[in-house]
Structures are given as C-alpha cells and as structure tokens.
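What follows is one structure encoded as structure tokens, with my remarks underneath.
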Amino acid sequence: MGIRIYNTLTAKKEDFQPLQEGKVGIYACGMTVQEKPHIGHMRAAVVADVMWRYFEYKGLKVTLIQNFTDIDDRVIEKAKEKGKDYREIAGQNEEAYLRASDRLGIRRATFYPRASQHIEEIIRLIESLEAKGLAYAVDGDVFFKVAKFKGYGKLSKKKIEDLRAGARVKVDPKKRSPLDFALWKGAKEGEPWWESPWGRGRPGWHIECSAMSMHYLGETLDIHIGGADLIFPHHENEIAQSEAVTGKPFVRTWVHNEWVTLAGKKMSKSTGHFVPIEEILERYEPDVVRLFLLGIHYRSPLEFEEERLEKSKTALERLKNALRVDESNESMSRDSKDSKTHGHTRLFEEALEDDFNTPKALGVLFELAKEVNIKRAQTGLPTGQAGMIVAPGGAKLLHTLGGVLGLFQGREEPTDHLVPDLMDLLINLRDQLRQSNNFDLSDEIRSRLGNLGISLEDEEEKTTWKRK
RNA sequence: GGCGGCUUAGCCAAGGGGUUAAGGCGACGGUCUGCAAAACCGUUAUUCUCCGGUUCGAAUCCGGAAGCCGCCUCCA
C-alpha cells in the first residue's frame with residue numbers, strides 16, 4: 001500500500017505519487033511574524049515534520065520550504081505601534097519560532113525564505129500577470145483580475161456569485177471588482193518600500209508564496225500544506241496567480257490541518273486568543289507537547305487544555321518506561337526476525353499511510369510498549385536486561401517507529417556526568433540501609449529525592465532512577 | 001444568507017456496511033514489592049446525539065432534527 005493523502009482540491013484521499021521519482025517537494029505556509037508563535041503554528045509544523053519523517057523513512061528525499069511573511073500590513077502596524085523597524089519585530093518573532101521549533105524537534109526546513117528577500121521574483125511575476133492582461137495597476141497599487149481566471153474557487157469550493165453576495169468587507173474603491181486582490185501595494189508615508197515599475201511599494205500577501213514556492217520548487221509542487229484558515233482566500237489566490245502565469249497546475253496535493261482551539265474557539269494572533277508555545281514549553285517537555293499534538297488526526301480540531309497535556313505526560317511516561325534499556329549492551333542494535341514486531345511495523349505504516357493517521361499509529365506504539373513490558377514481566381528480569389531480550393524487536397523498534405513521529409530523539413539530554421554519578425552513590429548507600437532493614441531512612445531518601453523531581457524504582461537486582 | 005465540518009465509555013480518541021467497537025488517561029479489584037514505584041492480569045460502550053429509511057445486516061450509506069464549530073475578512 002502506498003501513501004494516501006487527503007487532497008483539499010479534490011476533497012478525496014488520493015494515492016500520493018511524487019512528480020519526480022524518489023523526491024518530494026513540500027511548501028509549508030509559515031507564519032506572519034507580527035506576533036509570537038503559538039501552539040497552533042506548531043501543530044502545522046509538526047504535521048509537516050511527520051510527513052517529512054515518514055517520506056524519508058520510506059526512502060524519499062524531501063525538500064521542505066517554509067516561508068516567513070515578514071512584510072505585510074500587520075507587521076507594519078505592529079512595528080508602528082511599538083515604534084520599531086518592521087525588521088526588528090519580524091526578526092524577534094522568527095527567532096522565537098525557530099527556538100520553539102528546534103525544541104520540539106521539528107526539523108529545520110531546507111530553506112526559510114522571507115518575502116522581503118524575494119521582491120525581484122515577486123515583481124517579475126506581477127509583470128507577467130500584467131502582460132497577460134490578468135492584472136491592472138491603479139495609482140501605484142496592482143490588482144489581480146479574478147474574473148479573468150477560470151476556475152477561481154475550485155479549492156475552497158466557492159462560487160464567485162456567492163462570494164459577491166457574501167462580501168461584507170469594505171471594498172477598496174480602486175478595485176474594479178470586489179473580489180480582485182492586491183498583488184502590489186503602493187507605500188504610504190512612513191512605510192517600508194521597494195522600487196517597482198508601479199512606483200514605491202511592497203508586495204501583497206498572496207503573491208509572495210507563489211513567487212517563492214515556484215522559485216525553490218518549480219512551477220508545480222507536490223504538496224502545499226497550511227492551516228485550513230488559509231484555504232480561502234490565500235491559497236485560492238495563490239492558485240490563480242500561479243496558474244495564470246504558468247498555465248500548469250500549481251499544486252498536486254493540497255494539505256490543510258485544522259486548528260488548535262482554546263475554550264472551543266480557534267486560536268488567533270489577531271484577537272490575542274492564543275497560548276504562546278514558549279509558555280507551554282516552560283512547563284512540559286517537548287515530547288509531551290508532540291504527543292498532545294499527534295494524539296488527534298491533523299484534520300480534526302484540537303482543544304488546548306491543561307488536562308490533556310497532563311494525560312499526554314503520563315502516556316509519554318508509559319512509552320519511555322518501556323523504552324528504558326541498557327544502552328551499553330550491544331544487542332540493542334541487532335535486528336530482529338520476530339514476526340510479532342513485524343506485525344507492529346506493518347500496522348504502524350498502514351496507519352501513517354492512511355492520510356497520516358497519527359492517533360492510530362500511536363495506538364500501535366502503545367501496543368508495542370505493552371509487548372515489551374509483558375516480555376519483561378515474563379522473564380522476570382529487571383528493566384535493563386529484559387529490555388535487551390526483546391529490545392531488538394521491541395524497545396528498539398519502539399524507538400525507531402517513535403522516531404518517525406519525531407519522538408524520543410534524545411534532545412536536551414544532560415551531558416554532565418556528575419548527576420548520574422551522585423545518583424549511583426546515593427542508591428548504593430541506600431541499598432546498604434535497606435539490607436540492614438533500615439527502611440525509615442531509605443524511604444526518607446526516596447521521598448526527599450521525589451521532592452527534587454527524581455523517582456526511584458527498586459527492582460529485583462538493582463534500583464533505577466529517573467526524572468519525573 | 002452561501003458553503004463545509006463535528007457529535008463513539010467518566011475524560012481524550014481511532015474505526016467507518018458483517019469476526020470480541022483500537023489505543024491513551026482515569027477508576028475499581030488482584031499479582032509482584034519490606035513499603036512504594038514501574039509492570040502485568042481482570043473489570044469499566046450489548047452500543048456509537050436523536051428520528052426515520054436502504055439492506056439479510058448500519059456506529060458506518062441516505063434523508064431529516066438538535067447541539068457545537070469553522071470558512072465566506074488578517075489568521076497555522
């Protein structure tokens with residue numbers, strides 16, 4: 001079975017076939033950097049990250065382009081508000097984004113182009129639209145003539161007539177039709193600008209993605225991914241601009257993720273109704289957040305609740321406990337011929353190949369964890385050694401498959417040996433107390449370590465410790 | 001007004017015409033343990049919002065109702 005992906009354009013799951021054998025080009029709509037990134041931005045990024053990891057697991061080479069919209073009305077507004085240069089605002093939020101992205105183990109995109117760095121390509125694109133009679137300039141602004149593009153509305157399933165009826169936004173009087181959208185905006189006093197054939201100005205919001213995606217990935221992209229709120233008008237407009245110029249299909253598979261909600265309502269930068277990702281990462285380790293995000297299918301809304309993060313935390317512990325094996329033992333790296341684990345691999349792959357069904361894939365991981373634990377219980381060996389017996393097929397596989405979801409990547413592991421050495425010392429002394437039946441004192445040690453965030457587990461042959 | 005989505009156990013969440021309706025969290029009982037922890041075993045949905053229909057057979061398909069959410073405007 002190959003990979004099947006739900007395509008917004010056709011409203012169906014389709015067999016995915018890259019344009020070029022063995023290579024996948026993905027363009028991910030990134031954030032407009034007028035505000036801090038929130039958990040919703042990370043959801044979109046994690047979805048793209050898992051796609052990348054799965055494609056790679058299947059031997060495909062992925063190029064992922066993710067833009068930053070650094071020049072746009074909102075960013076300018078924010079800069080004015082704070083009395084700063086727009087580049088400063090954009091830079092700060094970009095950094096915050098990348099910091100959170102790195103912590104969550106989201107792979108760095110191949111490139112992170114910025115709108116402001118591709119003005120030339122943008123201008124060329126607008127010029128060809130103008131030459132083809134699909135764009136018109138009015139007083140320094142340039143608009144796209146929507147009526148001239150057949151198929152407008154095919155992505156969002158909207159009819160032009162309905163849109164007209166529903167238009168409730170004040171229409172720019174310069175537009176010939178309310179549906180037309182800006183490709184280029186003339187600069188007002190005090191705004192950043194670039195020279196152009198239409199005078200000083202800046203690009204409209206939609207054109208940058210067409211220009212940059214085609215610049216890096218070619219005229220037809222395998223996959224374009226973004227939040228469902230971008231379907232209309234953003235992606236609809238991207239299709240219009242791009243296809244009007246090239247005459248080729250712009251994107252083969254459109255992927256849209258649903259959002260993260262807060263109290264049932266969509267998070268949004270513009271309303272301030274959101275939880276910044278950095279605030280969450282102060283309280284939860286990255287894998288907990290990943291588990292939280294992947295615990296529901298990407299096309300369903302996900303409610304942000306503390307309780308769910310807590311559940312994810314406990315659930316992650318379960319996986320990590322199954323994973324605890326003695327890494328010094330070389331049997332860890334052996335491959336297994338265990339048919340049962342092959343079954344798990346197949347189920348895991350089937351889940352992800354069915355439109356990236358991560359909740360189902362996680363279910364397989366939990367079942368696998370159980371297998372590992374059962375073997376451990378049967379052999380009656382302490383964690384490390386029993387882990388080793390099933391590790392090649394069990395714990396090792398769990399680690400590998402978890403890795404496809406971006407879990408257990410060993411980020412932020414302490415490199416300092418002092419703590420482990422001190423723990424060995426403490427455990428050793430406590431063992432002596434236990435052997436002499438001094439349980440009051442040994443329990444006190446355990447309890448006080450607990451207060452420091454360290455839990456001890458006494459097994460038959462040895463005591464293990466971990467951070468809570 | 002136009003268009004789309006969702007409703008599965010105490011909570012979260014897969015499934016999507018026919019074997020026992022995945023999995024996680026929680027709860028209860030048991031095993032193990034000096035006591036714990038971790039882990040294991042057992043119990044926790046005769047039923048999938050409601051009402052009709054199609055079918056030998058529906059949680060799954062069709063029609064309708066109710067509730068919730070979204071897009072049509074900046075948003076991941």
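These figures come from a predicted structure and were not determined experimentally. Convention: sequence-line order gives letters A, B, ...; per-chain numbering from 1.
With both pairing distances under 3.5 Å, B/rU7 is matched to B/rA66 as a Watson-Crick or G-U wobble pair. Searching all strands for a Watson-Crick or G-U wobble partner of B/rC40 with both distances below 3.5 Å returns B/rG30.
Within the structure, every side-chain polar atom (N or O) of A/Asn437 is placed at least 4.0 Å from both OP1 and OP2 of B/rG34. Side-chain nitrogen and oxygen atoms of A/Arg430 include none within less than 4.0 Å of the OP1 or OP2 phosphate oxygen of B/rC35.
When the shell of 6.0 Å around NZ of A/Lys313 is examined, it contains 12 or fewer heavy atoms from other residues, nucleotides or ligands. Crowding of A/Lys157 atom NZ: a count of heavy atoms from other residues, nucleotides or ligands under 6.0 Å exceeding 12.
Using a 4.0 Å heavy-atom cutoff across all strands shown, A/Thr32 reaches sugar-phosphate atoms only and no base atom. Using a 4.0 Å heavy-atom criterion, one finds that A/Met267 contacts the bases of the nucleic acid, with or without backbone contacts as well. At a threshold of 4.0 angstrom between heavy atoms, the contacts of A/Leu456 include nucleobase atoms, whether or not backbone atoms are also involved. Here A/Arg308 lies in heavy-atom contact (under 4.0 Å) with sugar-phosphate atoms only. Residue A/Glu307 is in sugar-phosphate contact alone, with no base atom involved, counting any heavy-atom pair closer than 4.0 Å across all strands shown.
If you check B/rA36, B/rA22, B/rC25 against the side chain of A/Asp458, the one that comes closest is B/rA36. Minimum atom distance to the side chain of A/Ser442 is reached by B/rG34, of the listed B/rA39, B/rC71, B/rG34. The A/Lys370 side chain lies nearest to B/rC40 when the options are B/rA38, B/rG34, B/rC40. Of the candidate nucleotides B/rA13, B/rA39, B/rG23, B/rA13 has the atom lying nearest to any side-chain atom of A/Ile296. For A/Pro233, counting side-chain heavy atoms from C-beta on, the closest listed nucleotide (B/rC71, B/rU73, B/rC40) is B/rU73. In the set B/rG70, B/rG2, B/rG24, the nucleotide with an atom closest to the side chain of A/Trp259 is B/rG70.
Mapping A/Glu317 and A/Asn257 onto RNA chain B by nearest heavy atom places A/Glu317 at the nucleotide closer to the 5' end.
No side-chain donor-acceptor contact under 3.5 Å links A/His297 and A/Tyr6.
Nucleotides B/rG18 and B/rC12, compared at atom C1', are 29 Å apart to the nearest Å.
The base of B/rC11 is paired with the side chain of A/Lys311 by a donor and an acceptor separated by under 3.5 Å. Between the side chain of A/Arg434 and the base of B/rG34, at least one donor-acceptor pair of N or O atoms lies under 3.5 Å. On a pure distance criterion of 3.5 Å, a polar donor-acceptor pair joins the side chain of A/Arg446 and the base of B/rC35. At a cut-off of 3.5 angstrom, counting only N and O atoms as typed in the model, there is a donor on one side and an acceptor on the other between the side-chain of A/Asp443 and the base of B/rG34.
An aromatic stack links A/Phe439 and the base of B/rG34, using centre distance under 5.5 Å and interplanar angle under 30°.
Within the 4.5 Å cutoff, the side chain of A/Phe143 has no heavy atoms near those of the A/Arg176 side chain.
The CG-P distance, from A/Leu362 to B/rC25, rounds to 12 Å in whole Å.
When A/Arg299, A/Arg4, A/Lys13 are each tested for a salt bridge (charged side-chain N to carboxylate O under 4.0 Å, His left out) with A/Asp355, only one passes: A/Arg299.
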